[in-house]
S.K.: 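Following this message is one structure expressed as structure tokens.
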Amino acid sequence: MNPLSTEDFVAWADRLARLPWPLTLATFRSAAVDFGWSPTDRPWEFVVDFSNGPRRVVLFGGRSGGIHNMSFPLTQPEDESPASAMALNDLFVAYEAAGTQAWGRSFYTDPSEDPTVAWRLPNHTVAEILGGSDLILSTFFTPQGSFIYG
């Protein structure tokens, strides 16, 4: 496992929330380069060099070219061992605690087998973490995104 730090998780969500949404892909690509994000040969994908190593960030948008959300793995276990599963669970709890400390109580929580927690951020944006047996995924929703949980 090479988990993104909880500090980086909060910092990047805060930085994205402060952008002047709505943004088109073309406008976001310029801002992303200023952040140090590297575009790939796919227009909706970037490589971000976080403090603990690079991550691929995938953007999703609508027909208008506006960005609705973006996702990247916070961590993925190296194997399917019980120790890795326990470490993944502990990391999910750490990300949840960091998000709650930074943004207050979550407005959506689903403690199912694939737990989900979401917080409202500035500019009508949402930060979400989704846990599972094979990764912890972070998704950032723009105001144009369709966050279905309210």
Side-chain angles (χ1 to χ4, degrees), residues 1-19 21-23 25 28-29 31-32 34-40 42-62 66-150:
M1 260 186 255
N2 187 15
L4 188 71
S5 72
T6 56
E7 294 82 9
D8 278 347
F9 162 63
V10 169
W12 281 102
D14 281 340
R15 192 168 192 187
L16 290 169
R18 288 191 301 269
L19 289 174
W21 300 105
L23 294 172
L25 176 61
F28 182 80
R29 285 179 74 84
D34 291 342
F35 284 176
W37 292 23
S38 303
T40 69
R42 298 176 179 160
W44 291 84
E45 182 180 81
F46 294 85
V47 174
V48 181
D49 193 18
F50 292 108
S51 61
N52 69 328
R55 298 278 194 283
R56 289 199 180 274
V57 176
V58 179
L59 283 61
F60 302 91
I67 298 167
H68 291 183
N69 60 62
M70 56 192 76
S71 296
F72 63 93
L74 294 170
T75 189
Q76 293 177 282
E78 295 170 9
D79 58 40
E80 296 181 19
S81 70
S84 289
M86 189 176 298
L88 203 60
N89 185 59
D90 291 346
L91 283 165
F92 185 90
V93 170
Y95 291 123
E96 181 178 9
T100 300
Q101 182 178 6
W103 306 307
R105 186 176 174 182
S106 62
F107 76 92
Y108 179 80
T109 303
D110 179 357
S112 68
E113 184 177 335
D114 295 331
T116 305
V117 180
W119 300 267
R120 294 191 196 287
L121 278 60
N123 286 337
H124 306 287
T125 59
V126 171
E128 174 193 75
I129 56 173
L130 170 69
S133 61
D134 60 344
L135 65 87
I136 299 173
L137 185 69
S138 173
T139 301
F140 176 83
F141 292 87
T142 75
Q144 293 68 48
S146 50
F147 189 81
I148 61 172
Y149 308 116

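The analysis underlying the following values was restricted to heavy atoms, covering all of them including side chains, and did not include hydrogens, waters or symmetry mates. Starting from 1, each residue takes its place in the sequence as its number.
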S.K.: Between Asp90 and Val93, is there a side-chain heavy-atom distance shorter than 4.5 Å?
M.R.: no
S.K.: Is the closest side-chain heavy-atom distance between Trp21 and His124 below 4.5 Å?
M.R.: no
S.K.: What distance do Leu121 atom CG and Phe141 atom CZ have between them, rounded to the nearest 0.5 Å?
M.R.: 12.0 Å
S.K.: For the atom pair CG (Leu25) and CD1 (Ile67), what is the distance rounded to the nearest 0.5 Å?
M.R.: 5.5 Å
S.K.: If every non-hydrogen atom of Ser71 is compared with every non-hydrogen atom of Leu137, which pair is closest and at what distance?
M.R.: CB-CD1, 4.1 Å
S.K.: If you measure from CG on Leu88 to CG on Leu135, what distance do you get to the nearest 0.5 Å?
M.R.: 7.5 Å
S.K.: Determine yes or no for a side-chain-to-main-chain donor-acceptor pair under 3.5 angstrom, with Trp103 supplying the side chain and Asp14 the backbone.
M.R.: no
S.K.: Counting only N and O atoms by type, is there a donor-acceptor contact under 3.5 Å from the side chain of Thr100 to the main-chain atoms of Ala97?
M.R.: no
S.K.: What pairs with Tyr95 under ring pair (Phe, Tyr, Trp, His ring centres under 6.0 Å), at least two apart in sequence or on another chain?
M.R.: Phe9
S.K.: Of the non-hydrogen atoms in Ala17 and Phe140, which two are nearest, and what is the gap between them?
M.R.: N-CZ, 3.6 Å
S.K.: Can you give me the closest heavy-atom contact between Pro77 and Ser84, atom names plus distance?
M.R.: CB-CB, 3.8 Å
S.K.: Going by heavy atoms in the side chains, are Leu59 and Phe46 under 4.5 Å from each other?
M.R.: yes
S.K.: Rounded to the nearest 0.5 Å, how far does CZ of Arg105 lie from CZ of Arg120?
M.R.: 12.5 Å
S.K.: For the side chain of Thr142 and the backbone of His68, is there at least one donor-acceptor N/O pair under 3.5 Å apart?
M.R.: yes
S.K.: Taking Val58's backbone N and O only, do any of them form a donor-acceptor pair with Arg42's side chain (distance below 3.5 Å, no angle check)?
M.R.: no
S.K.: Which label fits Phe50 and Trp12: parallel for a plane angle under 30°, tilted from 30 to 60°, or perpendicular past 60°?
M.R.: perpendicular
S.K.: Give a yes-or-no answer on whether the side chains of Thr139 and Asn69 include a donor-acceptor pair shorter than 3.5 Å.
M.R.: no
S.K.: Could you check if a side-chain atom of Arg55 sits within less than 4.5 angstrom of a side-chain atom of Pro73, using non-hydrogen atoms only?
M.R.: yes
S.K.: So how far is it from Ile136 CD1 to Phe72 CZ, rounded to the nearest 0.5 Å?
M.R.: 12.0 Å
S.K.: Nearest 0.5 Å, what's the CG-CD1 distance between Leu74 and Ile129?
M.R.: 7.0 Å
S.K.: Are the side chains of Pro143 and Thr125 in touch, meaning some heavy atoms are under 4.5 Å apart?
M.R.: yes
S.K.: Do Leu16 and Met70 have side-chain heavy atoms sitting under 4.5 Å apart?
M.R.: yes
S.K.: Testing the basics here: between Ala98 and Val10, what is the closest heavy-atom pair and its distance to 0.1 Å?
M.R.: O-CG2, 3.8 Å
S.K.: Output yes when a side-chain donor or acceptor of Asn123 lies under 3.5 Å from a complementary backbone atom of Leu19, and no otherwise.
M.R.: yes
S.K.: Where is the tightest heavy-atom contact between Thr116 and Glu128, given as atom of each residue plus distance?
M.R.: CG2-OE2, 3.4 Å
S.K.: Are the side chains of Trp37 and Val57 in touch, meaning some heavy atoms are under 4.5 Å apart?
M.R.: yes
S.K.: What I'd like to find out is whether the side chain of Tyr108 reaches to under 4.5 Å of the side chain of Val126, using heavy atoms alone.
M.R.: no
S.K.: I'd like to check the salt bridge (charged side-chain N to carboxylate O under 4.0 Å, His left out) partners of Arg56; sequence neighbours left out, ordered by chain and number.
M.R.: Glu45
S.K.: Closest approach of Pro54 and Val47, non-hydrogen atoms and distance?
M.R.: CB-CG1, 3.9 Å
S.K.: Tell me whether Asp110 contacts the main-chain N or O of Ser112 through its side chain, where contact means a donor paired with an acceptor under 3.5 Å.
M.R.: yes
